[in-house]
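Each chain gets a letter, A, B and so on, in the order its sequence line appears, and its residues count up from 1. Remember, it's a predicted structure, so these values are computed and weren't measured experimentally.
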2 protein chains.
Amino acid sequence: MAGERQQEFTPRQHAVLERALELLVAGGEKALTTAGVARAANCSKESLYKWFGDRDGLLAAMIAHQASKVRAFSDDGAPMDHDRFRAHLTGFAQDLLEVLASDVSLALNRLAIGQASREESRLGQLLVEQGRRRIDQSAGALLDAGRRRGLVAFEDGDEAYRTLYGLVVRDLHVRMLLGEEGARQRETFAARAEQAVEKFFALYGVWEMKGRALA
Amino acid sequence: MAGERQQEFTPRQHAVLERALELLVAGGEKALTTAGVARAANCSKESLYKWFGDRDGLLAAMIAHQASKVRAFSDDGAPMDHDRFRAHLTGFAQDLLEVLASDVSLALNRLAIGQASREESRLGQLLVEQGRRRIDQSAGALLDAGRRRGLVAFEDGDEAYRTLYGLVVRDLHVRMLLGEEGARQRETFAARAEQAVEKFFALYGVWEMKGRALA
DNA sequence: ACAGAACCGTACCGTACGGTACGCACACGA
DNA sequence: TCGTGTGCGTACCGTACGGTACGGTTCTGT
């Protein structure tokens, strides 16, 4: 229900969830059986059901466990010029691509998408709210920092962020989810981030204000 | 593989595939059982296996069947001014969103993504190549038509198209795949397409001759 | 009219999974 | 030392699915 307790797990349970995550990454959802998790984690099925209720509870716990590892970024108020801001943006874009391309992220997204047809299961919502939310807020803070310093101009921060997201990710995420190996060439991410930020500044940048007259 | 026979199906088999598609849309992959398809389509399981080989063959046939419905768009050489071109682009963007948000597309993409973990099954490739390919080529032709008429400027057509795609879709596709209802508000698609095309012209348009001064 | 194929409906088989129950080992507080 | 609780390993149960086999029926070609 909506009032789900954000219960904390014991170290033992975290270890079990970690093993379950490895299983999921290795073999997809169908490899994630209760017996398999119990065997891989050296625990009993009975304990799994005692700790997580049922299989769906285990899945939800895995998502929560993974989300707990994501760290947020906040504006520390440090001074930032145009180049530093641009570097921050590029770094964020590259990090975003790296996260989306990671094995664990792909496996969890595939899992949640596979469950999305069942209306009663809200794993997708959970994944978005617990995982992506922090990234979004982090990016929002970064963009806001740039705006306060007059490096970019926009009215709707959310709109600006989503535009940046689209420029960076395009259809890469879906292609990676579909298993297209070419989409996961990590060595291309830096260039991808660079080009995306370039276009982002073309849309939102105010660099001509700094004396560099635009033709 | 590339040498896969594009075998045609009989009308009866197409009807069966259609029913299977309905089942998939209604209940997701787990609702797509051989017995269920046979029952819904009023055929025998034996016939299913005779026609499609096994369950994977059935899934592949469903994708091929659906892809056969997508029609391509080509440049008819008709005269186009800026406004008409912009309208075409906006229409394409809106169509793209409509397709991605359709029940059948979402169900098939969820299916292919669910199978993506198994390496031996290349449903994802099939889906991309047979379904998206036509849309991509259609958009490429449209962009090229605009370029030939001097309405937009770019060197790499693929890069320009992917940028347009990112501006239009952003993370909407994944959110819809995850089951987020808010992402499927069709009444917002027109505005979404409009804003995306607006930004696209800001990046690639040449209506003022300067466009974006190359740094 | 007749033979043969195609096909439907159903029954059947083996397997695998989710979930539960039980026996035993170990830890820990009184 | 003894009870109690936690948890591991295993066995077990019901169910559901993929895939196959078979009898009966309809369609088709000659």
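- OP1 or OP2 of D:dT6 has not a single side-chain nitrogen or oxygen of A:Trp51 nearer than 4.0 Å.
- Taking atom CG on B:Leu48 and atom P on C:dA6, their separation rounds to 16 Å, with Å as the unit.
- The nearest whole Å value for the distance from the CG atom in B:Asn42 to the P atom in C:dG9 is 5 Å.
- Rounded to whole Å, the distance from CZ on A:Phe52 to P on C:dT20 is 16 Å.
- Salt-bridge formation is not detected for the pair A:Glu159/A:Arg162: no Lys NZ or Arg NE/NH1/NH2 atom is positioned less than 4.0 Å from an Asp or Glu carboxylate oxygen.
- Rounded to a whole Å, the CZ atom of A:Arg12 is 14 Å from the C1' atom of C:dC26.
- Put simply, the side chain of B:Glu46 and the base of C:dC7 share no donor and acceptor less than 3.5 Å apart.
- As a whole-Å value, the separation of B:Arg55 CZ from D:dC17 P is 10 Å.
- For the pair A:Leu58 CG and C:dC17 P, the computed distance is 15 Å after rounding to whole Å.
- A:Lys30 has its NZ atom 12 Å from the P atom of C:dG18, to the nearest Å.
- Salt-bridge check for B:Arg122 with B:Asp56: failed, with every basic side-chain N at 4.0 Å or more from each acidic carboxylate O.
- Put simply, CZ on B:Arg39 is 20 Å from P on C:dC7, counting in whole angstrom units.
- A salt bridge links A:Asp144 with A:Arg147; the closest basic N to acidic carboxylate O contact falls under 4.0 Å.
- Look at B:Thr34 and you'll find a side-chain N or O under 4.0 angstrom from OP1 or OP2 of D:dG18.
- Taking the side chain of B:Lys50 as heavy atoms from C-beta on, and the options D:dG7, D:dG18, C:dC7, the nearest nucleotide is C:dC7.
- Nucleotides of DNA chain D nearest to A:Cys43 and B:Asp54 differ in position, and the one nearer the 5' end is that of A:Cys43.
- Residues B:Arg110 and B:Glu29 are not paired through a salt bridge, judged by the lack of any N-O separation under 4.0 Å between the basic side chain and the carboxylate.
- Put simply, B:Ser47 has no side-chain N or O that comes within less than 4.0 Å of OP1 or OP2 on C:dC7.
- An OP1 or OP2 oxygen of C:dT20 is reached within less than 4.0 angstrom by no side-chain nitrogen or oxygen of A:Lys45.
- Only one option out of B:Val168, B:Leu100, B:Leu97 pairs with B:Phe189 in a side chain to side chain contact (heavy atoms under 4.5 Å, CB included); it is B:Leu97.
- The nucleotide whose nearest atom lies closest to any side-chain atom of A:Ser44 is, among C:dG19, D:dT20, D:dG9, D:dG9.
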